[in-house]
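We name chains A, B, ... by the order of the sequence lines, and we start the count at 1 in each one.
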Number of protein chains: 2
Amino acid sequence: MPPYDPSAYPPFAVTVDLVVLTVRRHALCTLIVKRGEPPFQGRWALPGGFVREGEDLGAAAARELIEETGLRAHDPGDPPPVPGNGAHLEQLATYGAPDRDPRMRVVSVAHLALAPDLPAPRAGGDANSARWATVGELLGEDGPVGGEGATGGGTEGEGGPGGGAEPLAFDHAQILADGVERARSKIEYSSLATAFCPPEFTVGELRRVYEAVWGVALDPRNFHRKVTGTPGFLVPAGGTTTRQGGRPAQLFRAGGATLLNPPMLRPEV
Amino acid sequence: MPPYDPSAYPPFAVTVDLVVLTVRRHALCTLIVKRGEPPFQGRWALPGGFVREGEDLGAAAARELIEETGLRAHDPGDPPPVPGNGAHLEQLATYGAPDRDPRMRVVSVAHLALAPDLPAPRAGGDANSARWATVGELLGEDGPVGGEGATGGGTEGEGGPGGGAEPLAFDHAQILADGVERARSKIEYSSLATAFCPPEFTVGELRRVYEAVWGVALDPRNFHRKVTGTPGFLVPAGGTTTRQGGRPAQLFRAGGATLLNPPMLRPEV
DNA sequence: CGTGTTTATCGTCAGGGAGACGACTATGAT
DNA sequence: ATCATAGTCGTCTCCCTGACGATAAACACG
């Protein structure tokens, strides 16, 4: 290696971008914000921002998450003290193609956040510049889960009605795709799907999370056997609820186990 | 978000660090280089260097890999045209703690490379400033595989004889640990273990790779049944070899499958 | 040249987990 | 009362895995 040369330290800007996933109305959704300035002004993008001096990467991601959603992140290591409105946050990957930002050389450390369903997004006070979009809408994955699927309801807000919407700014479509794939694969072998649920939830609610993230229908009986039979996955919370209609369901809380062995199997094809 | 402020773009240096793993003498080994200048002068570290202007992150990692080992990286996407001396290379994670480099703010995008056994390391022409070290030696994992284990042989070179050696520079011990864990988990559900093997290899050689990476002993009969029974994992290469002694073994080549379903199960406990 | 050693490869058998699906329970809606 | 909806328990079969016996084909010795 030649001796160090000052010209060997080209300056970079470092940002964090967030793939914030949640499950809303049986569909996997992600938070997007409307860009207020060039480049890509007026286009939708993943939330994010510059890493500050003296700020750790994970801290920058957690700060952005709070700014955009109010969610407090908890580290993957320690179990969430109050799983209430905390989100799982982990590093996803880093994107640094030389031309990914026309202004300057920017390296973005993307993070993945999994959050329970939230009332409404807030974008630093600006209301309609942030929204939840279904992943299928952004990535062109057309394939509803079962009957009505993701395009149901009626208050779909803006965006294209049927087909794919305008693509995300920068390389954010790729980042989103990577984040979704990470989430889809990680709920297979970890208990991370509970991060999409409120502090107390039923087996059916957890199953609907899996169905929304994977985009498949699961057998309620086999799912129930699997999750209740995996030690440490779920612990009974005591009560029951009937908020889904039908027979009251037992309430559970996320157990201490983080790795599922054997894993949940995503149905093939 | 407040309007953009030039002070919000603190300058960073961006580097790539490499966790190059291989299997040598039944032990999982990684490439380390001796630092020639401060900080951590004289200490061992992972190979790496600064990302150049206009250079992609993956390209920088591939360039460093060639500089340090002569190995050409092939992307995970396309199958290696000639699996000869090509290495698997993928992004691992990014490390950017504010104080990880005392000189300046440095964000390092670590990459993981898996390579077949190589004759000898070369460090940009400097011979004895690079070496293969066993992962157990660097991370303090003491637990030989079966009989003699990793500390066998005699030409162990420099470094501490028995116990743990001097810790790696910077946060490279953490990076190495993360890379090893990635490799250990990824050979479970992918055919990546073949990246440790020469272009043609036997089932026994592949089994010894698994044993070295996981640090366990596997049943040869069940392993043989598993890998030969998984479609697309191995394709017969035609010949046989006896380079391991004993009955001649059939030669195989890595098949097209990249994901193993069901996965190879790492024995617990 | 036989014997032991080493490695490869084929078979067998029992146990566990998962998919498919039947049956029953408990609530609200009509 | 009846139906629709959801939850929960059981059963059955198939496949995979782990444990392990047995055979095959090379080499190293005497």
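Side chain B/R225 to base D/dG18: a donor-acceptor pair is found below 3.5 Å. For A/R221 and C/dG22, a side-chain-to-base donor-acceptor distance below 3.5 Å is present, hydrogens and geometry of angles not being considered.
To the nearest 0.5 Å, the span separating CD on B/E200 from OG1 on B/T202 amounts to 11.0 Å. A/W214 CH2 to A/E188 CD: the interatomic distance, rounded to the nearest 0.5 Å, is 5.0 Å.
Between the B/Q250 side chain and the B/P236 main chain, no donor and acceptor come within less than 3.5 Å of each other. At distances below 3.5 Å, at least one donor-acceptor pair connects side-chain atoms of A/T22 with backbone N or O atoms of A/P116.
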Under the salt bridge (Lys or Arg N to Asp or Glu O under 4.0 Å) criterion, do A/E137 and A/R24 qualify, and how do the steps go? CA-CA 13 Å; A/E137 170 189 353; A/R24 289 166 63 88; over 6 Å; no

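Between A/R208 and D/dA6 there is no side-chain N or O to OP1 or OP2 distance below 4.0 Å. The shortest distance between the side-chain N/O atoms of A/K226 and the OP1/OP2 oxygens of C/dA18 is below 4.0 Å. Residue A/H224 places none of its side-chain N or O atoms closer than 4.0 Å to OP1 or OP2 of D/dG7.
Residue A/P262 has its side chain nearest to C/dA18 when only C/dT9, D/dT17, C/dA18 are considered. When each of C/dC21, D/dT8, C/dA18 is scored by its nearest atom to the side-chain atoms of A/V203, the top-ranked nucleotide is D/dT8. Residue A/D219 has its side chain nearest to C/dC21 when only C/dA8, C/dA18, C/dC21 are considered. Side-chain proximity of B/N222 to the nucleotides C/dA8, D/dT17, D/dA19 is greatest for D/dA19.
As rounded to whole Å, 16 Å separates atom P of D/dC15 from atom CG of A/L265. A straight line from CZ of B/R207 to C1' of C/dT9 spans 12 Å, rounded to a whole angstrom. The CD atom of B/E268 sits 13 Å away from the P atom of C/dG16 (whole-angstrom rounding). Distance, A/L218 CG to C/dC21 C1': 16 Å, rounded to whole Å. At whole-Å resolution of the value, CG in A/L206 and P in D/dG7 are 11 Å apart.
DNA chain C lies under 4.0 Å from at least one heavy atom of each of the following residues of residues 238-252 of chain B: B/Q244, B/G245, B/G246, B/R247, B/P248, B/A249, B/Q250.
Here the shortest heavy-atom pairing between A/L114 and A/A183 reads CD2-CB, 4.3 Å. A/G179 and A/L21 get closest at one heavy-atom pair: O-CD1, 4.2 Å.
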